[in-house]
Amino acid sequence: QVQLVESGGGLVQAGGSLRLSCAASGRTFSNNAMGWFRQAPGKEREFVAAISSSGGTTLYADSVKGRFTISRDNAKNSMYLQMNSLKPEDTANYYCAASPFTIATMGINYTYWGQGTQVTVSS
């Protein structure tokens with residue numbers, strides 16, 4: 001199985017940047033599509049970005065397109081989310097997830113989940 005640990009969250013002012021990291025264990029990491037999701041208290045989890053197993057295909061939610069960049073380094077068993085031009089509405093707990101099958105925007109397609117890292121953007 002795959003274990004995922006997020007890091008890099010914190011407090012930042014609107015317009016600032018953060019880089020989230022997701023470290024994965026397991027020998028099958030490179031076979032998994034990966035995704036980032038976020039959830040604020042009392043709200044449903046929403047898709048942020050996803051990347052194929054090879055890194056050749058990426059998907060972004062309209063709300064973050066042009067501001068966020070997802071990437072991965074299979075040699076390091078790591079995935080990243082570079083977040084620029086942050087807005088207060090980006091405030092949420094961010095989760096990384098792994099899909100053994102295919103890149104997707106729905107959480108149901110992801111089998112493995114990290115514990116989350118909090119991102120708070122002040123206005």
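Note that these values count all heavy atoms, side chains included, but never hydrogens, waters or copies made by symmetry. Remember, predicted model here, so these are calculated numbers, not experimental data. Heads up: numbering here begins at 1 and tracks the sequence.
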May I ask you to check whether Ser122 and Gln13 show a side-chain donor-acceptor distance below 3.5 Å? no
Paired with Leu18, the side chain to side chain contact (heavy atoms under 4.5 Å, CB included) test is passed by just one of Thr120, Leu11, Thr117, Leu86, namely Leu86
How long is the span from the CG atom in Leu4 to the OG atom in Ser78, to the nearest 0.5 Å? 10.5 Å
May I have the step-by-step check of side chain to side chain contact (heavy atoms under 4.5 Å, CB included) for Arg38 and Thr91, ending in yes or no? CA-CA 9 Å; Arg38 65 188 183 186; Thr91 296; over 6 Å; no
Between Met79 and Ile51, is the side chain to side chain contact (heavy atoms under 4.5 Å, CB included) condition met? List the steps. CA-CA 9 Å; Met79 180 183 64; Ile51 187 167; 4.2 Å; yes
Quick one: pull up OH in Tyr110 and OG1 in Thr102 and give me the separation to the nearest 0.5 Å. 8.5 Å
Under a 4.5 Å cut-off applied to non-hydrogen side-chain atoms, are Pro100 and Thr111 in contact? yes
Check Ala104 against Ala50 and note the closest heavy-atom contact, atom names and distance. O-CB, 3.6 Å
Under the side chain to side chain contact (heavy atoms under 4.5 Å, CB included) criterion, do Tyr80 and Arg19 qualify, and how do the steps go? CA-CA 7 Å; Tyr80 310 96; Arg19 183 177 177 85; 3.4 Å; yes
Group every Ile, Leu, Val, Met, Phe, Trp and Tyr by side-chain heavy-atom contacts under 4.5 Å, then state whether Val119 and Phe47 land in the same group. no
Joint cluster assignment, Phe37 & Tyr112, ILVMFWY side-chain distance < 4.5 Å: no
Going by atom types alone, do Ser17 and Asn84 pair a side-chain donor with an acceptor below 3.5 Å? yes
Can you confirm whether Trp113 sits close enough to Arg45 that some side-chain heavy atom of one is under 4.5 Å from a side-chain heavy atom of the other? yes
Filter on disulfide (SG to SG under 2.5 Å), then keep only pairs touching residues 62-123, sequence neighbours left out; what's left? Cys22-Cys96
Would the number of heavy atoms belonging to other residues, nucleotides or ligands and lying under 6.0 Å from CD of Glu89 be above 12? yes
Distance col, row Met83:CE vs Tyr94:OH, nearest 0.5 angstrom, shows 5.5 Å
Euclidean distance, Met34 CE relative to Arg72 CZ, rounded to 0.5 Å: 6.0 Å
Kindly give the heavy-atom pair with the smallest separation between Asp90 and Val121, and that separation in Å. CB-CG2, 4.3 Å
Show your working on side chain to side chain contact (heavy atoms under 4.5 Å, CB included) between Ile70 and Gln82 and close with a plain yes or no. CA-CA 6 Å; Ile70 188 172; Gln82 178 66 46; over 6 Å; no
Mind listing the closest non-hydrogen atom pair of Ser25 and Gln3 along with its distance? OG-OE1, 2.7 Å
Roughly how far, to the nearest 0.5 Å, is OH of Tyr60 from CG of Leu81? 7.5 Å
Atom of Ser99, atom of Asn109 and distance for their closest heavy-atom approach: OG-O, 3.1 Å
Minimum heavy-atom separation for Ser123 to Ala14, with atom names? CA-CB, 4.4 Å
Would you say the side chains of Tyr95 and Asn93 form a donor-acceptor pair under 3.5 Å? yes
With hydrophobic residues grouped by side-chain heavy-atom distances under 4.5 Å, do Val12 and Leu20 end up in a single group? yes
For residues Trp36 and Phe68, establish whether the separation of their ring centroids is below 6.0 Å. no
Approximate separation, where rounding is to 0.5 Å, of Ser30 OG and Asn77 CG: 7.5 Å
Is there a donor-acceptor pair under 3.5 Å between the side chain of Ser63 and the backbone N or O of Ala61? no
